[in-house]
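Notes follow the structure.
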Amino acid sequence: MESTSNQPAQDIKKAAEEFFVAFQREVAAIHDRITELNDQRDGIADIKRLVTDLDKRVTDAGSLYLPPYDQRQCAIQLQALNEQLSKAAKPRAKFSFKSSKAAKTSLAASVTVAPPSAWTLNDKATHYEVPSPSEANEVRDAYIFNLTDSIVDLRRIPLAAVHLQNLDKCIVILGAISASVMVEGCCSSVIVVGCRQFRMHASTGMALFLHVPSSPIIEDCSGCIFSPYAAASWAVIPGMAGPSRAETFASSLKKAGLNGATSRWGDVEDFNWLRRGQSSPNWRKMDDWRGAQPFNVNGNLESGGPLSPPLVRILLDDDGFLCSRDTVKAQ
């Protein structure tokens, strides 16, 4: 008989995962009801009750099993719903000669202002970044946003939660981290990471190399390829700084507290595809990249400075999936 000494912890983890999936579905349903209000105001009170009830359930779950990070993400999404509902409740002008398309409100946690203690990188183009070992003093969150045609290798520093937003044609190598990864509004990019939870919203043409003990979650995404972390053997490349080959991924997982956990990199939950028995067209699995090397590095790249474009070249197939990727030498 198997030991059940860790069964309570497993039950708590499972309950938290199930709550988050159910929470996301209810948030999406409420969002749809708000957008369908139009000039009808009769349903506002009912929607307010739904939001209040959902808020109470988050509080109850937080007192029992929901981790603090998940509680914060739920609070952000509830705030977004309340703001959306407040705008919908305002009286509209009866006559107008102007028309505009209402942008869809993002219900995923978005990057705003990073806390002072976080590691940040933003507003760069054609950039190569590898933090120095002197930056590895303590575990911190990382905020990386508004990058184009850039490479970021953060395996040298210990990280907790990582937030990635508005990345275009970028390569982000994170190693194993101790918390979650949130991806928002990215396109044609590669992410390599071992983490506790992986969530991605409004992103296209992505290649994800993951080791994650819970199901990756995507919403409003397309053209995404999921692969095991081990398939990213190219992550240690001549010309790219990083940990020595002696520091194996197994030791990286141990440092992040992820050793011993079975990876569920291919058990993707697509919130836009809930049909049982049918595969989502928005993502696919690829466990072997041999013969289709994602990218190649020629020459030495120096961290911290701009490089001549193009640093990253992307090729997508007719369905919008990344089919190959390579990095070219700066001129």
Side-chain angles (χ1 to χ4, degrees), residues 13-36 47 50-51 53-55 57-58 61 65-67 69-85 102-111 161-167 179-187 189 191 193 195-208 210 212-227 263-285 319-322:
K13 181 179 176 182
K14 182 179 179 181
E17 291 177 6
E18 291 177 348
F19 179 88
F20 184 79
V21 171
F23 176 84
Q24 293 294 334
R25 287 174 177 159
E26 293 197 39
V27 166
I30 294 172
H31 167 73
D32 289 342
R33 286 194 60 174
I34 296 174
T35 56
E36 291 169 1
I47 296 175
L50 290 174
V51 175
D53 177 65
L54 194 55
D55 191 6
R57 287 158 58 192
V58 170
Y65 52 78
L66 197 64
Y69 179 82
D70 283 9
Q71 294 178 50
R72 292 195 298 270
Q73 301 309 314
C74 290
I76 290 172
Q77 296 187 51
L78 287 168
Q79 181 181 356
L81 283 179
N82 281 316
E83 291 175 355
Q84 184 188 7
L85 188 58
K104 183 177 180 180
T105 302
S106 173
L107 298 176
S110 60
V111 173
V162 175
H163 305 259
L164 307 173
Q165 187 178 43
N166 297 336
L167 307 185
S180 303
V181 174
M182 298 286 296
V183 182
E184 169 84 14
C186 297
C187 64
S189 295
I191 299 171
V193 66
C195 58
R196 293 191 183 279
Q197 294 176 320
F198 182 90
R199 304 164 189 170
M200 184 166 63
H201 180 260
S203 299
T204 61
M206 303 289 291
L208 300 316
L210 305 179
V212 57
S214 58
S215 295
I217 294 172
I218 64 174
E219 183 180 18
D220 296 333
C221 295
S222 63
C224 299
I225 296 177
F226 285 82
S227 300
S263 179
R264 298 177 63 185
W265 62 269
D267 298 335
V268 180
E269 291 266 4
D270 183 356
F271 285 172
N272 296 106
W273 190 264
L274 304 177
R275 303 178 188 177
R276 294 187 179 275
Q278 295 186 33
S279 299
S280 166
N282 299 318
W283 68 276
R284 63 179 62 156
K285 292 193 287 189
D319 295 323
F321 286 84
L322 183 148

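Since the structure is predicted, the reported quantities are computational estimates derived from the model, not experimental observations.
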Practice task
Any chance you could measure Cys74, atom SG, to Leu66, atom CG, to the nearest 0.5 Å?
Solution key: 5.5 Å
Exercise for the section: Identify, with sequence neighbours excluded, every residue that meets salt bridge (Lys or Arg N to Asp or Glu O under 4.0 Å) alongside Asp53. Expected result: Arg57
Exercise for the section: Determine whether Leu210 and Val193 make a side-chain contact, defined as any pair of heavy atoms from C-beta on separated by less than 4.5 Å. Expected result: yes
Practice task
Kindly say whether Val212 contributes a backbone atom to a donor-acceptor pair with the side chain of Ser263 at under 3.5 angstrom?
Solution key: yes
Exercise for the section: Identify the residue among Val268, Leu208, Ile225 that makes a side chain to side chain contact (heavy atoms under 4.5 Å, CB included) with Trp283. Expected result: Val268
Exercise for the section: Please round to the nearest 0.5 Å and tell me the distance separating atom CZ of Arg199 and atom NE2 of His163. Expected result: 10.5 Å
Practice task
Using a 4.5 Å cut-off on heavy atoms from C-beta on, say whether the side chain of Cys221 contacts that of Asn282.
Solution key: no
Practice task
For residues Leu164 and Val181, report the shortest heavy-atom separation together with the two atoms involved.
Solution key: CD1-CG1, 4.4 Å
Exercise for the section: Give a yes or no answer on whether the side chain of Trp273 reaches the backbone of Ser279 with a donor-acceptor pair at less than 3.5 Å. Expected result: yes
Exercise for the section: Using modelled atom types only, decide if a donor and an acceptor are shared between the side chain of Gln165 and the backbone of Gly185 within a distance under 3.5 Å. Expected result: no
Problem - Pairwise distance SG(Cys195) to CE(Met182) - rounded to 0.5 angstrom - result: 11.0 Å
Practice task
Output the distance between atom CG (Asn272) and atom CG (Asp220), rounded to the nearest 0.5 Å.
Solution key: 4.5 Å
Handout entry: Any side-chain heavy-atom pair of Phe226 and Ile218 under 4.5 Å
Key = yes
Exercise for the section: First locate atom CG of Leu78, then atom CD of Glu26, and finally report the distance between them rounded to the nearest 0.5 Å. Expected result: 10.5 Å
Problem - Set of residues satisfying side-chain contact (heavy atoms from CB on, under 4.5 Å) with respect to Asn166, sequence neighbours excluded - result: Asn146
Completion exercise
Those residues at least two apart in sequence (or on a different chain) that pass salt bridge (Lys or Arg N to Asp or Glu O under 4.0 Å) with Arg264 are Glu17, Asp267
Practice task
State the SG-CE distance between Cys186 and Met206, to the nearest 0.5 angstrom.
Solution key: 5.0 Å
Practice task
Would you indicate whether the side-chain heavy atoms of Ile191 and Val183 approach each other to under 4.5 Å?
Solution key: yes
